[in-house]
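Notes to accompany the following structure.
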Amino acid sequence: MTELQKKILEIMKAFDSVCRSHNLHYYMLGGTMLGAVRHKGFIPWDDDADFGLSRREYEQLLQLPEECFPEGYKLRHFSKETGVPYAFIRLEDEQTTCVEARRSGTGYVGGVYVDIFPLDGDVNVVPLRIWKELRVKFKKKLLYAHIAEKEAVKNPVKRLIMKMIAKHTDSDVLVRELDTLVRAYGERREKLPQWGDARYSNYLGHWGKRESIPRRVFDGEIRQRKYFAFDFRRGEKIEAQPEGRSSEYEFEGHRFFGPVDNAAYLTALYGSDYMVPPAEDARGGHPATIIELERSYHDIEKENQNQEDETNEL
């Protein structure tokens with residue numbers, strides 16, 4: 001492991017401990033789940049970790065008091081503080097600093113983190129899922145106009161468009177609207193028969209419609225007579241046959257929970273050849289302008305505030 005991955009693993013262990021203590025069921029998502037299956041740990045070039053909880057348990061996690069988390073770790077969410085430019089939770093190590101390249105436009109400063117996403121009930125009708133994804137992507141694009149580091153955008157036309165969007169929208173409002181949009185589909189399941197909780201969706205994640213997956217893939221409980229997981233790149237259908245609740249997987253010598261049917265889940269995201277690593281030029285992480293593993297981001301916040309005060313005095 002790299003030194004950064006070691007820090008992330010410590011946050012993962014803290015998150016796992018809190019969830020087990022409060023009977024919250026989570027799942028490794030995305031590259032974290034892929035790493036658990038393919039490498040029994042981090043993908044060697046990866047530099048983050050993703051988890052998901054059902055909306056109900058996600059909200060329970062949000063309501064936990066600060067004392068429930070080990071000292072030095074902070075749960076950051078837009079409902080708890082202003083200026084958080086993400087519609088999902090980040091659990092951060094307060095003794096470190098991480099400022100992401102291309103996402104530092106709002107001035108948000110935090111620590112090394114793991115991302116925690118809500119898994120919402122999703123519509124069963126494909127055209128409505130596509131409509132949902134398009135709306136979420138549009139809101140994400142608007143938000144990106146705020147959080148992107150403007151110097152990293154080389155195209156002058158794109159910079160101008162982003163500047164105009166940022167001028168006429170509010171990032172805090174967009175974050176709240178995104179949260180409302182992704183949760184609304186699950187909340188409507190009682191009103192219309194085509195809405196339901198037979199699927200879990202994570203449209204706030206990286207893969208869009210690929211991350212709308214039958215719940216049985218996650219927890220093994222039967223809610224439909226039959227379903228298929230899709231390999232979107234090849235059009236292949238894979239029928240999953242999970243049993244029991246979420247399984248534990250080895251990850252860097254520790255045990256974390258993930259979807260019961262890891263094959264169906266990973267096929268839906270990465271294709272049926274997910275066990276084959278990509279070519280070297282296709283490997284990458286999340287570049288950061290600042291990574292300091294022994295310095296708290298609170299120190300940088302104080303420095304920024306002092307500089308702002310000095311500027312105002314002048």
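Please read all numbers here as calculations on a predicted model, not as lab measurements. FYI, the numbering just counts along the sequence from 1.
In this structure, Glu92 pairs ionically with Arg76, as a charged nitrogen and a carboxylate oxygen lie closer than 4.0 Å. Using a 4.0 Å cut-off between charged side-chain N and carboxylate O, Glu59 and Arg55 make a salt bridge. Between Glu10 and Lys7, none of the side-chain N atoms (NZ, or NE/NH1/NH2) sits under 4.0 Å from a carboxylate O, so this pair counts as no salt bridge. Ionic pairing of Arg183 and Asp179 is present here: one or more N-O contacts between side-chain nitrogen and carboxylate oxygen are shorter than 4.0 angstrom.
Between Asp50 and Thr32, the shortest heavy-atom contact is N-OG1, 2.8 Å. The two residues Tyr265 and Gly30 have their closest heavy-atom pair at OH-N, 2.8 Å. Summarising the geometry of Tyr200 relative to Ser54, their closest heavy-atom pair is OH-CB, 3.1 Å, with the distance given to 0.1 Å. Of all the heavy atoms in Pro85 and Leu143, the pair that sits closest is O-CD2, 3.5 Å.
Between the side chains of Ser296 and His298, no donor-acceptor pair of N or O atoms lies under 3.5 Å. For the residue pair Tyr249/Asn262, the side-chain donor-acceptor check at 3.5 Å is satisfied. Under the 3.5 Å distance criterion, with hydrogens and angles disregarded, no donor-acceptor pair is assigned to the side chains of Tyr58 and Asp120. His146 and Thr169 form a side-chain donor-acceptor contact under 3.5 Å, judged by distance and modelled atom types alone. No donor-acceptor contact under 3.5 angstrom links the side chains of His22 and Gln60, judged on distance only. Between the side chains of Ser212 and Lys132, no donor-acceptor pair is found at a separation under 3.5 Å.
Placement of Leu142 and Val173 in two distinct hydrophobic clusters is found when ILVMFWY residues are connected by side-chain heavy-atom separations under 4.5 Å, directly or transitively. Hydrophobic clustering (side-chain heavy atoms under 4.5 Å, transitive across Ile, Leu, Val, Met, Phe, Trp, Tyr) keeps Val276 apart from Ile43. Note on Tyr270 and Met275: same hydrophobic cluster, where clusters join Ile, Leu, Val, Met, Phe, Trp and Tyr whose side-chain heavy atoms are under 4.5 Å apart, directly or indirectly. Following chains of ILVMFWY side-chain contacts shorter than 4.5 Å, one cannot reach Tyr144 starting from Met164, and the two form parts of different hydrophobic clusters.
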Go through it in stages, so that I can follow the logic: the residues are Arg90 and Val84, the test is side-chain contact (heavy atoms from CB on, under 4.5 Å), and I'd like the CA-CA distance, side-chain angles, deciding distance and then a yes or no.
CA-CA 10 Å; Arg90 278 191 164 174; Val84 177; over 6 Å; no
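Counting heavy atoms from C-beta outward, Ile116 and Phe88 have side chains that stay 4.5 Å or more apart. The side-chain heavy atoms of Tyr86 and His77, taken from C-beta on, include no pair separated by under 4.5 Å. Within the 4.5 Å cutoff, no side-chain heavy atoms of Thr97 are placed close to those of Ile291. Between Tyr26 and Leu119, every side-chain heavy-atom pair lies at or beyond the 4.5 Å cut-off.
Here the straight-line distance linking atom CD1 of Ile213 with atom CG of Leu266 works out to 8.5 Å at 0.5 Å rounding. Taken from CD in Glu133 to CG in Asp122, the straight-line distance is 10.5 Å, to the nearest 0.5 Å.
For NZ of Lys137, the number of neighbouring non-hydrogen atoms (other residues, nucleotides, ligands) closer than 6.0 Å is 12 at most. Heavy-atom contacts from other residues, nucleotides or ligands closer than 6.0 Å to CD of Glu81 number more than 12.
Proximity of the aromatic rings of Phe117 and Phe51 is defined here by a centroid distance below 6.0 angstrom, and this criterion is not met.
Looking at residues two or more places apart in sequence or on another chain, you find a side-chain contact (heavy atoms from CB on, under 4.5 Å) between Met1 and Gln5, Lys6, Leu9, Phe42, Glu252.
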